[in-house]
Amino acid sequence: MNFKTLSVVAAVALAMPALGSADPDDDTLIINEEIEVATKVEPAEHLDGALYEVISGWHFRNDDTQAMEMDDFDNPAMLGAENGMAIWNTADGSEGKSCADCHGDAAESMKGVKATYPKFDEKAGTLMTVQMKVNECRTERMGAEAWSYDAGPAIDMEAMIGSQSRGMPMNVAIDGPAEPFWEKGKEIYYTRYGQLELSCASCHEENYGNMIRADHLSQGQTNGFPTYRLKNAKLNGAHSRFKGCIRDTRAETFNPGSDEFIALELYVASRGNGLGVESPSVRN
Amino acid sequence: MKLGTLTLALAMMAGTAMAEGVMAPQDVEFDDYGSVEQSLTGKPGDPENGLKVYASKGSGNCVACHKIDAIDAAFPGNVGPELTGAGDRWSEAELRGILVNSKKTFPGTVMPAYYKVDGFIRPGNAYTGKAADDSFGPLLTAWEIEDLVAFLSALKE
């Protein structure tokens, strides 16, 4: 093959994914040949017809990226989850306790947590994310310092806790005391921020399946978070993702851990109710 | 005069020329269908520069959402319709209106307004994620809009 043919072939190969991936694909997600994950489900009633099918971001990634998530040995996010498990078993703070001292085996005590968070917490009187709950244990029961949001140990711990719910359907509560938070999150979701005047819905509801430059737009679901992004080669929290998306509208963003993003996390999670938990997932 | 000073002086002259005779974003008038009759600069646009503005990521970045058959730009998106033959479908005034503020032509559209400076929610300082400061201006200059109008008008099938 001469150079010319080669570059033509390469150009075609490069062009293919963009052209071939306009719609979510029909693959099936089974992790470790064992955990079946529902990646396409009926929309919850509270979506009011906004989506006719709820689809995991996994379907919008190419086969190689998809495959990485199907086997823990190939999934780079599992290194973070393993580190989370090491931290789980290590004593910290003035009380000299580890998470395991109170919660025992995470595979039992943390099962189902990711599927139901963010959740209204009676004692705290507010909506809490998994990371907030972890920090509550650290500061109130371990005498340790709070971790900063979406950073190092916090995200590894969230990945480990999330992995205990893999395959379970997302099922966050939006009624009762959670409702005002949900309403607030919904308002943020549909607000057209920034100089580009784009809302979450502009990209992830009206245009999922379409290409925005080289990016294949998904529904922006959170059932896979934390997620390992090949682009920045680390675990990313949902709030950090929200921040990046709002920044891309040329807007002043909110910060990870802010009241706005806590409410938005509940609302976005509720759009994905029914999807199987994939945490920690792999995306590009 | 050294070369550096010379280019600076020229740039300053260009700056004054730009301010004069250029319509400010706040002064643009639309008709009932969103068209803008009056040129923003009073001068014909340069279609070749229009193509650059259209295709480059750091400028108009129209290719993020649009495709034109005859143009070989990397990774055209498909959030917006194909613009092949746009010059057959739209007059200059209509194209100018779509560029200045597409929402006057297509209510609720996701296409951004390229020559507008107010009415934004939490406007930022470009892509930094920080709040807008004194440097805040429209996405494109009046000249760039006119260059795009010239470029798009020439797209005939």
(message) Quick check on the structure: residues of residues 182-192 of chain A within a heavy-atom distance below 4.5 Å of chain B, by number.
(response)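 Contacts with chain B: Thr191(A), Arg192(A).
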(message) Non-hydrogen contacts under 4.5 angstrom with chain B: give the residues of residues 225-237 of chain A involved, or none if there are none.
(response)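 The stretch does not come within 4.5 Å of chain B.
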(message) Using heavy-atom distances under 4.5 Å, tell me whether Lys103(B) contacts chain A through its side chain, its backbone, both, or neither.
(response)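 It is the side chain, since no backbone atom gets that close.
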(message) Under 4.5 Å from any heavy atom of chain A, what part of Thr109(B) do you find: side chain, backbone, both or neither?
(response)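 For Thr109(B), the contact with chain A is made by the backbone alone.
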(request) Taking all non-hydrogen atoms of both residues into account, name the closest pair between Leu196(A) and Leu139(B) and its distance. (result)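 What the structure gives for the nearest pair is CD2-CD1, 3.7 Å.
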(request) State, to 0.1 Å, how close Arg247(A) and Gly129(B) come at their nearest heavy-atom pair, and which atoms those are. (result)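 Scanning both residues completely, I find the closest heavy atoms to be CG-N, 3.6 Å.
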(request) For chain A, find which of Asn61(B), Thr128(B), Val110(B), Val63(B) contributes the most heavy-atom pairs closer than 4.5 angstrom. (result)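 That would be Val110(B).
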(request) Pick one of side chain, backbone, both or neither for Ile246(A), based on which atoms fall under 4.5 Å of a heavy atom in chain B. (result)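 For Ile246(A), there is no contact with chain B at all, as no heavy atom is under 4.5 Å.
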(message) For chain B, which candidate among Asn207(A), Thr249(A), Asp215(A), Leu198(A) shows the most heavy-atom pairs at distances under 4.5 Å?
(response)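 Looking at each option in turn, the highest pair count goes to Asn207(A).
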(request) Against chain B, work out which of Lys243(A), Glu206(A), Glu252(A) has the most heavy-atom pairs shorter than 4.5 Å and name it. (result)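 Highest number of heavy-atom pairs under 4.5 Å: Glu252(A).
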(message) Check Glu197(A) with Lys116(B), please: is the shortest side-chain N to carboxylate O separation under 4.0 Å?
(response)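 Yes, charged N to carboxylate O under 4.0 Å.
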(message) For the backbone of Ala251(A) and the side chain of Arg122(B), can you confirm whether one donor and one acceptor N or O come within less than 3.5 Å of each other?
(response)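 A pair under 3.5 Å: no.
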(message) Using a 3.5 Å distance criterion without hydrogens, assess whether the side chain of Arg250(A) forms a donor-acceptor pair with backbone atoms of Pro123(B).
(response)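 Answer holds: no.
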Is the [atom1] atom of [X] crowded by more than 12 outside heavy atoms at less than 6.0 Å?
X: Glu29(B); atom1: CD; result: no
X: Glu42(A); atom1: CD; result: no
X: Gln26(B); atom1: CD; result: yes

(request) Give, for atom CG of Asn78(B) and atom NE2 of His216(A), the distance between the pair rounded to the nearest 0.5 Å. (result)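 Asn78(B) atom CG to His216(A) atom NE2 measures 8.0 Å (nearest 0.5 Å).
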(request) Kindly compute the distance separating SG (Cys65(B)) from CE (Met211(A)), expressed to the nearest 0.5 Å. (result)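 Result: 11.5 Å between the selected atoms.
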(message) Tell me which one of Phe120(B), Tyr114(B), Tyr127(B) satisfies side-chain contact (heavy atoms from CB on, under 4.5 Å) with Gln195(A).
(response)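 Only one of Phe120(B), Tyr114(B), Tyr127(B) forms a side-chain contact (heavy atoms from CB on, under 4.5 Å) with Gln195(A), namely Phe120(B).
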